Amino acid sequence: MIPEPEPKEIDEKLEIELRHLASNAVLKGKPSGAEKCESCRYYLEPHKDISYCWHPKLRILVGDQWWCQWWEEIPAE
Ligand code: SF4
């Protein structure tokens, strides 16, 4: 019998770390008005549904429709 997959200790540790990180950022899986990751300067690849957020306090993958309190407008060139 192959055992059913289940979360390991590392998964619980990472879940807690990521939960803290998301909580500090007030990270939401929805836009805040017109503000969303897709239109934030820290969203690395705006044409993709999921991209790396390079904000120094995050550095995680986020969705284009997500939002956090560190949203910043993309500066005009
Ligand atoms: S800083 Fe916040 S709003 Fe901007 S891309 Fe990262 S998670 Fe999204």
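Below, each value reflects all heavy atoms present in this structure, side chains not excepted, and no hydrogens, waters or symmetry copies. The structure displayed is predicted, hence computed values, not measured ones. In listed order, ligands and their atoms are each counted from 1. When a residue number appears, it is its place in the shown sequence, counting from 1.
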*Steps toward salt bridge (Lys or Arg N to Asp or Glu O under 4.0 Å) verdict (R19, E15)*: CA-CA 6 Å; R19 186 61 58 197; E15 197 275 336; 3.4 Å; yes
_Enumerated ligand 1 atoms positioned under 4.0 Å from heavy atoms of W71_ = 3 (S)
*With a cut-off of 2.8 Å, does C37 place any N/O/S atom under that distance from atom 8 (Fe) of ligand 1?*
yes
*asked:* Students should be able to answer this: which protein heavy-atom is nearest to atom 6 (Fe) of ligand 1, and at what distance?
replied: C53 SG, 2.3 Å
*Distance from atom 3 (S) of ligand 1 to nearest protein heavy atom, with residue and atom*: C68 N, 3.5 Å
*Contacting atoms of ligand 1, where contact means under 4.0 angstrom from a heavy atom of Y42*: 1 (S)
*Would you mind telling me if ligand 1 is within reach of the side chain of C40, the backbone, both or neither, using heavy atoms under 4.0 Å?*
side chain
*Going by atom types only, do E35 and W71 share a side-chain donor-acceptor pair under 3.5 Å?*
no
*What protein heavy atom is closest to atom 7 (S) of ligand 1, reported as residue, atom name and distance in Å?*
L58 CD1, 3.5 Å
*Is a side-chain N or O of S51 found less than 3.5 angstrom from the main chain of K48, in a donor-acceptor match?*
no
*Measure the spacing between CD of E38 and OH of Y43 and express it to the nearest 0.5 Å.*
7.0 Å
*asked:* Could you measure the distance from the CG atom of L58 to the CG atom of N24? Nearest 0.5 Å is fine.
replied: 9.0 Å
*asked:* Between E72 and Y42, is there a side-chain donor-acceptor contact under 3.5 Å, judged purely by atom types and distance?
replied: yes
